[in-house]
Each structure stands twice: as structure tokens, then as C-alpha cells.
Amino acid sequence: GANHADFVKNGTGDYTFTLTKASRRTPIVIGYAALTANLSASIVVTTTTVQFIFTNNSGTATNTDFHFTIGRFDSSTVY
């Protein structure tokens, strides 16, 4: 919901999803789907952020709409 996270476009092809409350363990990106063909993503994850950087086949940063799913942990003992 709106009170649980923020989503920011940092620059061309660079997006950050920030959790309002840090996860107890690093979240897992379960999957993502770029809506522009032939893109790949570099994904950087911390306990508070998930950053997606999309590039085309030539390595050029490229904007896209996309969907993603993450799993996060509110307990440090969940496996």
C-alpha cells in the first residue's frame, strides 16, 4: 500500500522501490517483467530498497514500464 513503500525513477532506466519499514532480512526478487522487448535488468537489493536498472542489448539505459514481485521477511528466522 501507499504507506508501506515509495517508488522513484532515478534516471533513464533506473528505478528504486523503497520499503517504509526495513525487512529483517534482505528481500528476494521473485520475478520481474519489463514491458519493452529485449531488455535486461541489473537488480540491487538491500533490507530497505530494490533497485532496477534496465538496459537494451547495446548496454544503453532504457526506460520501460515493468512489474515485479518481492518476498520480504518480518522475522529473522523465516527460511
Side-chain angles (χ1 to χ4, degrees):
N3 297 324
H4 300 286
D6 290 317
F7 192 77
V8 176
K9 183 176 188 292
N10 304 309
T12 303
D14 184 349
Y15 308 87
T16 300
F17 178 77
T18 303
L19 299 165
T20 304
K21 179 182 173 189
S23 184
R24 300 280 247 144
R25 293 185 20 213
T26 304
I28 298 169
V29 176
I30 297 167
Y32 75 92
L35 302 183
T36 302
N38 299 316
L39 294 184
S40 59
S42 295
I43 302 170
V44 180
V45 183
T46 71
T47 57
T48 57
T49 64
V50 180
Q51 180 183 22
F52 295 86
I53 302 170
F54 290 95
T55 56
N56 63 20
N57 291 338
S58 300
T60 303
T62 304
N63 289 330
T64 185
D65 290 330
F66 65 102
H67 303 281
F68 66 97
T69 303
I70 64 168
R72 64 171 279 176
F73 305 93
D74 289 328
S75 169
S76 59
T77 59
V78 175
Y79 297 101

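For this chain, numbers begin at 1 and follow the sequence in order.
- Under the salt bridge (charged side-chain N to carboxylate O under 4.0 Å, His left out) criterion, no residue pair touches residues 56-65, with sequence neighbours excluded.
- For V45 against V29, the heavy-atom pair with the smallest separation is CG2-CG2, 3.8 Å.
- Heavy atoms only, all atoms of each residue included: N63 and G11 are closest at OD1-O, 4.0 Å.
- Side-chain atoms of T16 do not come within 3.5 Å of backbone N or O of D14 as any donor-acceptor pair.
- Although no hydrogens or angles enter the test, the distance criterion places a donor-acceptor pair under 3.5 Å between the side chain of T20 and the main chain of A5.
- Transitive grouping of hydrophobic side chains (ILVMFWY, heavy atoms separated by less than 4.5 Å) keeps F66 and I53 in distinct clusters.
- Taken to the nearest 0.5 Å, the CZ atom of F68 stands 11.0 Å off from the CD1 atom of I30.
- Remark: the backbone N or O of T64 is not paired with any side-chain donor or acceptor of T36 at under 3.5 angstrom.
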May I have the step-by-step check of side-chain contact (heavy atoms from CB on, under 4.5 Å) for V50 and I43, ending in yes or no? CA-CA 7 Å; V50 180; I43 302 170; 4.1 Å; yes
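- Nearest heavy atom pair, residue A22 against residue R72, reads O-NH2, 3.6 Å.
- Side chains of H67 and L35 form a contact here, defined as non-hydrogen atoms less than 4.5 Å apart.
- Minimum interatomic distance between T47 and P27 (heavy atoms only, all atoms of both residues): CA-CD, 4.0 Å.
- Each of I70, T49, V8, T48 was evaluated against F17; a single residue qualifies, I70, per the side chain to side chain contact (heavy atoms under 4.5 Å, CB included) test.
- Between Y32 and F54, the two ring planes are perpendicular [angle over 60°; tilted spans 30° to 60°].
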